[in-house]
2 protein chains.
Amino acid sequence: MSLRHALLGLLSDRPASGYDLLKLFETSLANVWPATQSQIYTELTKLDGTGLITVAAEGPRGRKEYAITDEGLAELRHWLTETRPQRNTRSDVLLRVFFLGVLTPEQARGYLAELIEMSDQGYENLRRLMESVDWDDDDLSVYGRIALEYGLRFNAMRREWAEWAAGQIK
Amino acid sequence: MSLRHALLGLLSDRPASGYDLLKLFETSLANVWPATQSQIYTELTKLDGTGLITVAAEGPRGRKEYAITDEGLAELRHWLTETRPQRNTRSDVLLRVFFLGVLTPEQARGYLAELIEMSDQGYENLRRLMESVDWDDDDLSVYGRIALEYGLRFNAMRREWAEWAAGQIK
DNA sequence: ACTCTACATTCCAGTCTTGACATGTCACCA
DNA sequence: TGGTGACATGTCAAGACTGGAATGTAGAGT
């Protein structure tokens, strides 16, 4: 259950409402840990209930601005330092590769060609994002840029692999 | 819901029991689409119910050997050719990177050092697997090797990225 | 005869996730 | 004043996933 920690992480930077957080998920975190609106609001209510966050202010339109508590920050630090990432990564993309044998070689190469295109687009999107953001020196900027670099390298790697793979067929 | 297609894919190679499939998931597919025993048996029952697979033979100890039907094979091909992979990939590893700012630089570098080690171990495990399997010319061998190569490149990429990232801190 | 391991399946409670539906408010502009 | 779009939250059903408990059989070795 890392959604909890994703929310704690975002709130550790600054207080925010559910709506704010939803926007943050749609932009910065979308590639790493997608979450829907209903999930976010549900989890915020739970976090509030367990005292890891608290309603710091209320605004117009029923806006509730949540802030992380000391307890929440401790939980976030604990997650970062004491627990190992081990979420089994599921890859829709790679799963299909295993079964390309049921298709014709042409179709299989077609699938890999789509992956190449997908990787190129992913790369381009991230490159544009990299340029559009004006990076500060604050923590989220530094580590956001590091995560973005990961995305760039990942897409480049996948592209090259898909090209190599297409050459392996038949 | 790709577990369904993972099972169809494995059964397209040869008939198998739930137990056989569980073993296959534990070995070959574990890195790509992990599934638990209860999930597999539940899904097999559903697939049998919708006619995509059928009980081809019964063996000792209540063993039920499932085989893919023509309808199932059609569904598998449809999934491979007509639907685009778009499963949002969740990355526990990368999510943490976003929030390393709440730690000290030393702790953050410590996390990246663990990622380096994790990547090295992943690489080594796959390299050993690559050597231990005696690869045939059949489809699952060809595409299994291609998927394995992906894993090797992925781990190498992640290692290099983590090294670079550690240098970016502070 | 006995025991142990691998084989083999079924069921369940609880949680996570998806994709809606429902409801209402504020600010701006025409 | 009326309409629109962004702001803002809450709830629900259905399906996916986790982790475990329960149950039993066949075969291989001692």
Check: Would A:Glu75 and A:Arg77 pass as an ion pair if we require N to O under 4.0 Å?
Finding: no
Notebook entry, point to check: Could a donor-acceptor pair under 3.5 angstrom be found where the side chain of A:Ser38 meets the base of C:dG19?
Noted result: yes
Checklist line | Side chain of A:Thr45 (C-beta onward), nearest among D:dT18, D:dG10, C:dT25 | finding: D:dG10
Notebook entry, point to check: Would you say the side-chain atoms of B:Trp161 pair up with the backbone N or O of A:Ile146, donor to acceptor, closer than 3.5 Å?
Noted result: yes
Note to self: Without decimals, in angstroms, what is the distance between B:Asp48 CG and C:dT9 P?
What the structure shows: 12 Å
Checklist line | Rounded distance in Å - CG (B:Leu3) to C1' (D:dG15) | finding: 12 Å
Check: Taking only N and O in the side chain of A:Tyr41, is any of them less than 4.0 Å away from OP1 or OP2 of D:dT9?
Finding: yes
Notebook entry, point to check: Cut-off 3.5 Å, side chains only: do B:Arg61 and B:Ser17 have a donor facing an acceptor?
Noted result: no
Next item on the list: Using only heavy-atom distances, decide whether a donor-acceptor pair under 3.5 angstrom links the side-chain of B:Gln37 to the base of C:dT10.
Entry: yes
Next item on the list: Decide salt bridge (charged side-chain N to carboxylate O under 4.0 Å, His left out) for A:Arg158 and A:Glu160; before the verdict, give the C-alpha distance in whole Å, the side-chain angles of both, and the deciding distance to 0.1 Å.
Entry: CA-CA 5 Å; A:Arg158 194 168 62 176; A:Glu160 281 178 38; over 6 Å; no
Next item on the list: Establish, with yes or no, whether the OP1 or OP2 oxygen of C:dC7 is under 4.0 angstrom from a side-chain nitrogen or oxygen of B:Lys64.
Entry: no
Next item on the list: Would you mind telling me which residue lines up with the more 5' stretch of DNA chain C, B:Tyr66 or A:Arg61, judged by nearest nucleotide?
Entry: B:Tyr66
Note to self: Return whichever of A:Arg4 or A:Pro60 has its heavy-atom-nearest nucleotide of DNA chain C closer to the 5' end.
What the structure shows: A:Arg4
Next item on the list: Using distance alone, with no hydrogens and no angle criterion, decide if A:Arg109 and A:Thr104 have a side-chain donor and acceptor under 3.5 Å apart.
Entry: no
Next item on the list: Establish, with yes or no, whether the OP1 or OP2 oxygen of D:dG10 is under 4.0 angstrom from a side-chain nitrogen or oxygen of A:Lys46.
Entry: no
Check: Hey, is the side chain of A:Gln39 poking within less than 4.0 Å of OP1 or OP2 on C:dT18, counting only N and O atoms?
Finding: yes
Check: Does the A:Ser91 side chain pair with the main chain of B:Val32, one donor and one acceptor, at a distance under 3.5 Å?
Finding: no
Checklist line | C:dT17 phosphate, OP1 or OP2, under 4.0 Å from A:Arg90 side-chain N/O | finding: no
Next item on the list: Give the rounded distance in Å between these two atoms: CD of A:Glu26 and P of D:dA6.
Entry: 12 Å
Note to self: What I want to check is whether the side chains of B:Thr45 and B:Asp48 have a donor and an acceptor closer together than 3.5 Å.
What the structure shows: no
Check: Taking the side chain of A:Lys23 as its heavy atoms from C-beta onward, which of D:dC7, C:dC7, D:dC17 lies nearest to it?
Finding: D:dC7
Note to self: Counting only side-chain nitrogens and oxygens, does B:Arg63 get under 4.0 Å of the OP1 or OP2 atom of C:dA8?
What the structure shows: yes
Notebook entry, point to check: In residues 14-21 of chain B, which residues come under 4.0 Å of DNA chain D by heavy atom?
Noted result: none
